[in-house]
> 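One structure coming up, written as structure tokens, with questions to follow.
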Amino acid sequence: MAAPLLEVENLQVHFETEDGLVKAVDGISYTVDRGQTLGIVGESGSGKSVSSLTVMGLTRARNARITGTVRFDGKDLLGTSEEDMRQIRGNDIAMIFQDPLSSLHPFYKVGAQIAEGVQAHRDVSKAQAWDRAVEMLSLVGIPEPRKRADAYPHEFSGGMRQRAMIAMALANDPKLLIADEPTTALDVTVQAQILELIERLQSEFDTAVVVITHDLGVVAEMADEIAVMYAGRIVEKANTDTIFAAPEHPYTWGLLSSIPRLDAPRDEELVPIAGRPPSLINLPGGCSFHPRCPYVREAHTKVDPELKPVPGAPGHEVACLLDSSVRRKLWSELRSGVKPAEARSDVMEEAR
Amino acid sequence: MAAYIARRLLWAGFLLFVISCITFVIFSVLPAGDPAVARAGRSPSPELVEIIRVQLGLDKSKPEQFVNYIADILPFLGGNGINFGFSYQTNTDVLPEILERLPVTIFLTTGAVILWLAIGIPVGMLSAVKTGSWMDRLAMGVALLFISAPVYFLGLVAIFLFADDIGRFPILPGNSAYGDADSLLGRAEALIMPWCVLAAAFAAIYARFLRGNLIDTLQEDYIRTARAKGLSERRVVFRHGVRAAITPIVTLLGLDIGILLGGAILTETVFNIPGIGRYAFNAINLSDLPVIQGTVLFGAFFIVMMSLLVDILYAFIDPRVRY
């Protein structure tokens with residue numbers, strides 16, 4: 001098998017602040033193959049955005065300490081010069097962001113902003129770049145693209161703006177598209193359209209995609225593989241079906257039970273994950289999820305769990321100190337409708 | 001747009017009327033020297049002062065004075081051919097006196113504006129891009145100094161150090177050089193020091209303002225987008241950052257030009273430049289109401305017009321603004 005397109009290995013992004021060392025990303029590893037989609041899921045502050053901005057070389061804060069390796073297409077990105085990195089950005093790796101209004105420059109026409117990206121990487125005339133911009137706008141489903149290219153971002157609707165962002169990102173036919181919360185700022189009705197669009201263009205352009213989201217629903221349809229992040233680490237990684245059918249990390253369970261389900265009774269309450277994400281300066285000792293975990297045991301507050309393969313499930317990795325058999329039992333109880341706290345009692349008995 | 005401008009002009013007319021009312025009230029209510037006494041010369045007899053008072057119309061009731069005063073600004077109402085009244089002190093029409101001094105004030109303002117933009121903008125941009133560097137700290141330190149030092153202090157220091165009639169290092173013309181100069185070049189030379197002194201504080205303010213704005217702008221999402229597109233850092237900062245950060249400077253600049261065209265009172269006084277500012281300063285000293293009124297209105301007129309101009313300009317520089 002060919003080498004993966006993107007290979008992130010033990011990536012750490014720490015920020016030195018007056019209050020202490022912020023471990024925004026604390027040793028994560030993942031790979032993305034050509035044409036594949038990876039979903040990175042986590043709450044705000046879990047490090048998902050920082051890790052992908054770092055891949056783009058856009059973690060510019062002077063107090064950032066970055067270690068690990070990021071290999072893209074065989075090239076080590078963290079050791080690359082700023083000029084080489086500039087040539088990769090927008091050309092080989094493109095990115096779209098959460099809020100398309102603030103992500104587009106208010107003073108420039110949409111067509112000009114797309115054309116500018118084309119001209120930054122291709123030796124083409126202004127007119128050719130503009131034509132490419134119009135072509136891309138048409139490709140992302142903007143009606144009357146030649147006319148709309150001449151409009152300013154504030155004259156677009158939210159969904160149209162995100163389409164324009166996608167047009168801009170894909171204008172140079174990148175090998176990898178990083179979509180950072182691409183639908184979070186959009187109306188629910190528009191969200192599905194944008195996701196569909198990304199999927200369609202992905203197969204057309206054969207682009208690999210990394211989707212970053214706090215919403216498992218977003219990645220359920222489009223991702224081949226999902227990595228769940230918590231407090232700067234990946235706590236569970238598996239293919240999408242496994243994440244939804246046989247998740248093994250209590251945090252993933254929490255994420256899943258906080259999604260409303262069509263097949264659940266109407267009066268059933270959603271189960272939120274108790275507590276708040278930890279401070280990234282003073283991470284709790286042991287497993288960093290332990291203060292919020294209903295199944296915590298004494299040892300969990302001291303031992304730091306590593307991301308380990310789940311026995312008998314290739315490609316499925318989880319960082320949890322519970323025994324795999326215990327986890328499976330808990331999950332099957334949760335799935336049958338038992339509340340987390342009740343599921344806890346008998347299993348904890350057994351685990352002791 | 002035309003309707004908007006018409007509305008603004010009507011509003012400007014009303015505003016100028018209110019300003020002249022306020023000027024009159026301030027002059028009448030607050031203690032000031034008696035214009036008649038000032039006119040009468042050294043140790044005048046009470047009779048003479050009284051005659052002058054009648055001549056100037058100061059014996060009439062305040063409301064009557066006010067009507068005369070307003071009528072002088074609106075010659076078509078007063079119908080006596082007087083423009084802006086006549087000076088209590090020199091008996092000359094105020095408007096021609098102001099117009100005669102206007103070119104000097106325009107000259108002083110233009111030079112200073114060019115100077116402070118040429119210094120303030122590059123310094124502000126460099127400071128923003130190199131935040132925290134020794135260059136940034138030095139520039140902002142100097143800027144703070146210039147902002148804190150009033151023109152009359154800075155001006156006197158400059159004269160003391162550099163003017164050839166007083167200074168320790170006489171390399172520049174003296175503080176009355178403008179009146180003595182007889183060619184354009186000579187006048188420009190005479191204004192070098194006033195230009196620098198006037199521009200110093202403004203350059204400092206603009207540098208700090210642009211620095212702050214640009215630092216904020218460079219945190220914007222669209223700057224991240226520009227970087228993500230793979231644009232060069234130079235293009236990101238200038239085409240995307242500065243373009244957005246410099247826009248509010250237009251507002252600042254418009255108002256500052258308006259204020260200075262109404263007379264750079266301190267600079268003109270310190271350097272003895274015969275512009276509107278010095279005219280106003282002398283009038284205030286002599287309680288010469290018509291001149292004070294004329295110069296105040298003139299200044300207000302420039303400020304109102306410049307702010308209208310700025311708002312119109314905005315429609316062209318910010319595509320989100322439409323009238």
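First the proteins, then the strands, lettered A, B, ... as listed; each starts at 1.
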> Tell me, please, whether A/F97 has B/R224 positioned over its six-membered ring: NZ or CZ under 6.0 Å from the ring centre and within 45 degrees of its axis?
yes
> For B/F301, does the CZ atom sit with more than 12 other heavy atoms under 6.0 Å from it, leaving out its own atoms?
no
> With a 4.5 angstrom heavy-atom cut-off, which part of A/I88 approaches chain B: side chain, backbone, both or neither?
neither
> Measure A/L58 against the heavy atoms of chain B and call it side chain, backbone, both or neither at under 4.5 Å.
side chain
> Who among B/A228, B/A244, B/A226 has the most heavy-atom pairs with chain A under 4.5 Å?
B/A228
> Can you tell which part of A/Q113 gets under 4.5 Å to a heavy atom of chain B, answering side chain, backbone, both or neither?
both
> With a 4.5 Å heavy-atom cut-off, do B/K229 and A/R89 have their side chains touching?
no
> Determine the option with the most heavy-atom pairs under 4.5 angstrom with chain B, choosing from A/S102, A/G90, A/A171.
A/S102
> Please tell me whether B/H240 and A/E116 have a donor and an acceptor in their side chains that are separated by less than 3.5 angstrom.
yes
> Find the distance between CG (B/D318) and NE2 (A/H154) and round it off to the nearest 0.5 Å.
8.0 Å
> With B/R239 as the cation and A/Y108 as the aromatic partner, state whether NZ or CZ is under 6.0 Å from the six-membered ring centre and within 45° of the axis.
yes
> Quick one: does A/M165's side chain get under 4.5 Å of B/T225's, heavy atoms only?
yes
> Could you state the interatomic distance from CZ (A/R86) to CG (B/L231), rounded to the nearest 0.5 Å?
8.0 Å
> Checking A/M85 against chain B: side chain, backbone, both or neither under 4.5 Å from a heavy atom?
neither
> Report, as yes or no, whether the 6.0 Å neighbourhood of atom OH on B/Y4 holds more than 12 heavy atoms from other residues, nucleotides or ligands.
yes
> Tell me, out of A/P153, A/A120, A/S103, A/G117, who's got the most heavy-atom pairs with chain B below 4.5 Å.
A/S103
> To the nearest 0.5 angstrom, please state how far the OH atom of B/Y222 sits from the CG atom of A/L101.
11.0 Å
> Please state whether the side chain, the backbone, both or neither of A/H121 comes within less than 4.5 Å of a heavy atom of chain B.
side chain
> Using a strict threshold of under 4.0 Å (side-chain N to carboxylate O), is an ion pair present between B/E233 and A/R60?
yes
> Do B/T247 and A/F107 touch side chain to side chain, with heavy atoms closer than 4.5 Å?
yes
> Given a strict heavy-atom distance threshold of 4.5 Å, which part of B/S232 is in contact with chain A: side chain, backbone, both, or neither?
both
> Looking at side-chain heavy atoms only, is the closest gap between B/P319 and A/Y152 below 4.5 Å?
yes
